[in-house]
4 protein chains.
Amino acid sequence: MHPINSEIRKAPDDDLRRSILVTSRELLVREGYSSLSMRKIARSIGYSATSIYLHFKSKDQLVHALITEGVSVLMKRLRPVFDDVKLNPKELVRRICHEYVKFGMNNPGYYEIMYVLHPETLSRYPEDNYRDARSLIDRLSSVFEKGIESGVVIPSDPRVTANVLWSQMHGVVSLIIAGRFDRALDREVLIQDAVDRAVRSCFVSPEPSLDSI
Amino acid sequence: MHPINSEIRKAPDDDLRRSILVTSRELLVREGYSSLSMRKIARSIGYSATSIYLHFKSKDQLVHALITEGVSVLMKRLRPVFDDVKLNPKELVRRICHEYVKFGMNNPGYYEIMYVLHPETLSRYPEDNYRDARSLIDRLSSVFEKGIESGVVIPSDPRVTANVLWSQMHGVVSLIIAGRFDRALDREVLIQDAVDRAVRSCFVSPEPSLDSI
Amino acid sequence: MHPINSEIRKAPDDDLRRSILVTSRELLVREGYSSLSMRKIARSIGYSATSIYLHFKSKDQLVHALITEGVSVLMKRLRPVFDDVKLNPKELVRRICHEYVKFGMNNPGYYEIMYVLHPETLSRYPEDNYRDARSLIDRLSSVFEKGIESGVVIPSDPRVTANVLWSQMHGVVSLIIAGRFDRALDREVLIQDAVDRAVRSCFVSPEPSLDSI
Amino acid sequence: MHPINSEIRKAPDDDLRRSILVTSRELLVREGYSSLSMRKIARSIGYSATSIYLHFKSKDQLVHALITEGVSVLMKRLRPVFDDVKLNPKELVRRICHEYVKFGMNNPGYYEIMYVLHPETLSRYPEDNYRDARSLIDRLSSVFEKGIESGVVIPSDPRVTANVLWSQMHGVVSLIIAGRFDRALDREVLIQDAVDRAVRSCFVSPEPSLDSI
DNA sequence: TATGAATGAGCGTTCATTCAT
DNA sequence: GATGAATGAACGCTCATTCAT
């Protein structure tokens, strides 16, 4: 599990590659997957369509690269949180939630292609590349597992808990990205509320009984 | 010599219309929106592409019809629940959640085109037709509003609460439909857990301990 | 050579037939031949496309009917002039010119399909049906022939003269119908001038020198 | 890594472009505008339909290119005549007429798309591109204007005279191209006669009788 | 008399992709 | 490393036409 060694690449070549990926994400957000085309990408970056094939064997592979990149960016954001030994489970989960949502907000292009796009479109994506992403759920599960042991997490199948937590975050992120919420509502308030509820629903509430003593 | 009188249509005609809508939803689920084409729909039902145009003026209109139908089916499921005076708020919300999820499970085609599709694709869909769908959120909000007054719902902006609840359900439904969860997990367990948490996070927990003292 | 006995037709049937022809001409003028379609015609008159086929075997035949009708209308306008024994040659030609132009102005649909449309489109039109139209040129030729004999027409091949006269009138009519002239110019002035020149170029000018002697 | 530099194009590329334009004109003459299709053009030149789009963004643009080319060819023929200071007005007008007709005879494709086509079809053609063509009428007008001042042209509104002259030439050209004249008539004779009449109808006849007395 | 249902052919256009340079 | 030329397949859609009713 080593991060991408992007600094060992040859620079000149990489510039265009980067442009393609960046532009693809922009187009993805702006116009949706159905109208993402090699031509449009090429036009957007001022290169010929053929040039894209110097860096990606096919449209499929380009999309796969986007996913791989997205996963890696997400990992880079979440791993330090998981690794932060100073955090208690509740804080850790809260931070994970916030980072996940922030990732979606900042990278709607990645998010869409990673999690929203119809899986059939992506079925050819080698499942293994999602291993990293799935490992996140595993780490979350084990956080809950330990939390249950130490009594701070409400007992329940930790894998279920982790997946439901994920689904809750995915719910807000995807609806925000798709612009489905009433525009009158404040994004930040929605997010804060969603995270609060999610966390609260996992952890035992600080017992007022202590106060009453 | 009378001109066309199109409103006296009968069943035979509508059969094909139904086939088209049903098949569209199947294709939508199987292959995703980006590869949904008039030709494929036609091929799937064993008709010529031209025939579709006898029932839908354009692909846009077909999609709009799907959305409208989907909304109406969803309404038919949820309205009785909202109107059931015998339900207390908590039961009502729980039932609403379950019905919503069930709708998604039973009608993934409708669900995808209603809630998952990139909005840019559907921007031409007359906003008004979503009014029904949005009214659902409003009804949910007022359930929470009254619940707060009567002390059973944890105080919070009811509209935010309603929207976050929706997002939580959307999260499970969309990830299940997309087949993103670990296949080892039991769907029903996931759903039950998600609904439980959602409901719990809205309503004050019955604290028998206090009462019993 | 008998005119169409349109009053012996059965009425009910004829109404629709008339509507089709009238509407076709309107569409022809408004949108041009390339976008004249059976469907549009049907839609315009509030009938089904199929109904048109009760009266015309094909689009070709409809067009042919339009031509035949157009020719017959033109004949009805010009024949009385040719037959008017009270007119001297010069007056006759002048009147013929004016009637021809008037026909074009009043029936741009007929005119376009009779004289402007690309002949390939019409190649299947039985040449014989143009016999009437061509007979007009013949009659004009013989007017010139006699005029030359009696010394009022400038000597020249009468058939050439007749055809060139026709082409001159066709020039104004077609450019007016196509809206090609500078809009600042007055139609009537253009027409008058064109006819004057045409007539003048055929007939010997009344020589003032004779009078002055 | 340089972006596209399209202005450094060379010949090889332009060959196909020329073929397309030439073939389009041929098809236009042979089958008329209503049946001119990208596919037919492509088939005629032995290329795929897609290839046409490498040179013309749309069918509209192709047609516009044809018009623009046609106008420019016509200009190239007429301008030298207008600019020829050695010509007296009568000779100039006669030469203009002959060149105009010759242009039509040699370029029926251009002529049809420039002057015969139903204007509705071309309404999207930027009016400005016709400026050149319209300037021709203006130059003709001023020839007549000066001619009237110097007494060689029969007094009349010069703009009307110019337009009517144009319509006379258009009459012959369009009927010849459409093959409407009796095939027994000699084209050249018709043209000569038409031009003679046109010129004669504008200029005062040299009255030798007066001089000879 | 009039229609609805249906279709094959064709339209203009865009797509991902290949290949020689 | 980058491009222009080229294409077959597919797209949404309209066309004239047929046929059973």
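Residue numbers begin at 1 in each chain, while the letters A, B, ... track the order of the sequences. No experiment lies behind these values; they were computed from the predicted model shown.
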**Asked** Taking NZ, NE, NH1 and NH2 as the nitrogens, is one of them in A:Glu69 or A:Arg25 under 4.0 Å from a carboxylate oxygen of the other?
**Response** no
Considering all heavy atoms of both residues, which atom of [X] and which atom of [Y] are nearest to each other, and what is their separation?
{"X": "C:Leu117", "Y": "D:Arg180", "answer": "O-NH2, 2.9 Å"}
{"X": "B:Tyr53", "Y": "B:Ser58", "answer": "CE2-CA, 4.1 Å"}
{"X": "B:Lys40", "Y": "B:Ser35", "answer": "NZ-O, 3.1 Å"}
{"X": "B:Gln61", "Y": "B:Lys57", "answer": "OE1-N, 3.2 Å"}

Taking [atom1] from [X] and [atom2] from [N], how many angstroms apart are they, rounded to a whole number?
{"X": "C:Leu16", "N": "E:dT3", "atom1": "CG", "atom2": "C1'", "result": "12 Å"}
{"X": "B:Tyr33", "N": "F:dC11", "atom1": "OH", "atom2": "P", "result": "13 Å"}
{"X": "B:Ile41", "N": "F:dC13", "atom1": "CD1", "atom2": "P", "result": "11 Å"}
{"X": "A:Ile45", "N": "F:dT3", "atom1": "CD1", "atom2": "C1'", "result": "13 Å"}
{"X": "A:Asp15", "N": "F:dA2", "atom1": "CG", "atom2": "P", "result": "9 Å"}
{"X": "B:Leu62", "N": "F:dC11", "atom1": "CG", "atom2": "C1'", "result": "15 Å"}
{"X": "D:Tyr47", "N": "E:dT13", "atom1": "OH", "atom2": "C1'", "result": "20 Å"}
{"X": "B:Ile52", "N": "E:dG8", "atom1": "CD1", "atom2": "P", "result": "13 Å"}

**Item:** Atom pair CG/OG of C:Leu62 and C:Ser24 - distance to nearest 0.5 Å
**Value:** 4.5 Å
**Item:** Intra- and interstrand pairs of DNA chain F - dot-bracket, Watson-Crick/G-U under 3.5 Å, | marks other strand
**Value:** .||||||||||||||||||||
**Request:** Would you check if there is a donor-acceptor pair between the side chains of C:Tyr33 and C:Glu112 at a distance under 3.5 Å?
**Result:**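 Result is no, nothing qualifies.
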**Asked** Is there a side-chain polar atom (N or O) of C:Ser51 under 4.0 Å from OP1 or OP2 of E:dA2?
**Response** no
**Item:** Sole residue of A:Val22, A:Leu36, A:Leu28, A:Leu21 in side chain to side chain contact (heavy atoms under 4.5 Å, CB included) with A:Ile41
**Value:** A:Leu36
**Prompt:** What string of B, S and - do you get for nucleotides 15-21 of chain E, 5' to 3', when a contact is any protein heavy atom under 4.0 Å?
**Reply:** BBBBB--
**Asked** Got C:Ile177 and C:Val116 here, is their nearest side-chain heavy-atom distance under 4.5 Å?
**Response** no
